[in-house]
Protein chains: 2
Amino acid sequence: MDKLLDILKKRHISVTEGRKKILELFLKSPGALAHADIERSTSANFDRVTVYRTLQTFVEKGIIHNIPTADNAILYALCKDNCEAGHHHDNHVHFICDNCDSTICLEKVAVPEVKLPKGFTKKQTDVVVSGICIECK
Amino acid sequence: MDKLLDILKKRHISVTEGRKKILELFLKSPGALAHADIERSTSANFDRVTVYRTLQTFVEKGIIHNIPTADNAILYALCKDNCEAGHHHDNHVHFICDNCDSTICLEKVAVPEVKLPKGFTKKQTDVVVSGICIECK
DNA sequence: ATAGTTTTTGCAACATTATTGCACTTTTTA
DNA sequence: TAAAAAGTGCAATAATGTTGCAAAAACTAT
């Protein structure tokens, strides 16, 4: 029934007001969120520290993942179902719009296979494409 | 003759001690550098502000480019010859070692082609792979 | 080479962002 | 429902990034 509870309980973490509100923000948001976005949000006005710790917990538990950005803002986005605690399989390309600055998860665009030189072990591949998004087109 | 002077003069920016030292650091370093790396470096102990401004100038003039990373460190790496002011063509994959934290430009590994959905315009593609590097193997 | 102009640097102050310890509150467990 | 465990807010502190301005260095043209 309640998607929020479901997500939190599945990870065996306590269900609190803060976590529900922040998680709700992610569920409602079409793209990625920065720490600052969450802090500014009227519906979730907690202590800065709580926001930091909540985001950290969510990342650890595989609920959200952070996205590399060219301009170095810290962005978080919901993980899809195949993420587990401490082991993210975020398998799509991220897009950053040079115009509106929003970051978009291109769920349909798979991360291409990258062949590393001998001696390197691959654990995760992040692909960030920048340009003009469909909204700003 | 002097590679440092050459790089700076080509961009029509003043040749100063600070710029020479920082540029030298990049030339000597096998991978990418974080702001903190430069500040810590004994050979280049300038004011923090100078380091910030120098890096900013270098990026603007196409001498270095910054690398997006999932863990959100700000990394800079030398541009290859085909970069121009305000227009970077950095065409290789970057590797970050989870163990020693160093960033390596995999010059030999080309960035794969990414097909975007309709409506999106691509300008740049950044690929960052993390794992264990050849040194820590 | 040198005087004048332009650019860069360092300092100080300030703003933003992130981290830690501890007491208190809420949630979970049994 | 009480005890235990986990989470939260506050305060203090650290780390990181920015701005204005005066002094210093680099460039330009004689």
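The analysis underlying the following values was restricted to heavy atoms, covering all of them including side chains, and did not include hydrogens, waters or symmetry mates. Every chain is numbered from 1, with letters handed out A, B, ... down the list of sequences.
- The NE2 atom of A/His12 sits 18 Å away from the C1' atom of D/dG7 (whole-angstrom rounding).
- Rounding to whole angstrom units, NZ of residue A/Lys21 and P of D/dG7 are separated by 18 Å.
- For the atom pair A/Lys21 NZ and A/Thr54 OG1, the distance stands at 12.0 Å (nearest 0.5 Å).
- Set against D/dG17, D/dG9, D/dT19, the side chain of A/Thr50 has D/dG9 as its closest nucleotide.
- Residue A/Arg48 contributes atom CZ, which lies 13 Å from atom P of D/dC10 at whole-angstrom precision.
- For B/Asp47 and D/dG17, the CG to C1' distance is 12 Å, given to the nearest whole Å.
- Taking every heavy atom of both residues into account, A/Leu4 and A/Glu24 meet most closely at CD2-N, 3.8 Å.
- Side-chain atoms of B/Asp37 come within 3.5 Å of backbone N or O of B/Ala34 as a donor-acceptor pair.
- On the nucleic acid side, DNA chain C contacts chain B at distances under 4.0 Å to non-hydrogen atoms, with the end points of that region at C/dT7 to C/dA12.
- What separates NE2 of B/His35 from C1' of D/dT18 is a distance of 12 Å, to the nearest Å.
- Residue-to-nucleotide proximity on DNA chain D shows that, of A/Thr57 and B/Ser14, the 5′-proximal contact is made by A/Thr57.
- Atoms CZ and CD1, from A/Phe58 and A/Ile13 in turn, are 5.5 Å apart once rounded to the nearest 0.5 Å.
- Atom-to-atom, CD of B/Glu39 to C1' of D/dT16 comes out at 9 Å; the value is rounded to the nearest Å.
- Rounded to an integer number of Å, the gap from B/Leu5 CG to D/dA26 P is 12 Å.
- Place B/Gln56 and B/Thr16 on DNA chain D by their nearest nucleotides, and B/Gln56 ends up nearer the 5' end.
- Residues A/Thr57 and A/Arg19 meet the side-chain proximity criterion, which asks for heavy atoms closer than 4.5 Å.
- Evaluation of the salt bridge (charged side-chain N to carboxylate O under 4.0 Å, His left out) rule for B/Lys20 yields B/Glu17 as partners, not counting sequence neighbours.
- Rounded to an integer number of Å, the gap from OH of A/Tyr52 to C1' of D/dA12 is 15 Å.
- Proximity of the aromatic rings of A/Phe95 and B/Phe120 is defined here by a centroid distance below 6.0 angstrom, and this criterion is met.
- Using a 4.5 Å cut-off on side-chain heavy atoms (C-beta onward), B/Phe26 and B/Ile38 make contact.
- The minimum heavy-atom distance between B/Lys122 and B/Leu116, with the atom names listed, is CB-CD1, 3.5 Å.
- Taking five base pairs at each end of the helix from C/dA1-D/dT30 to C/dA30-D/dT1, the local helix axes there meet at an angle of 50°, rounded to 10°.
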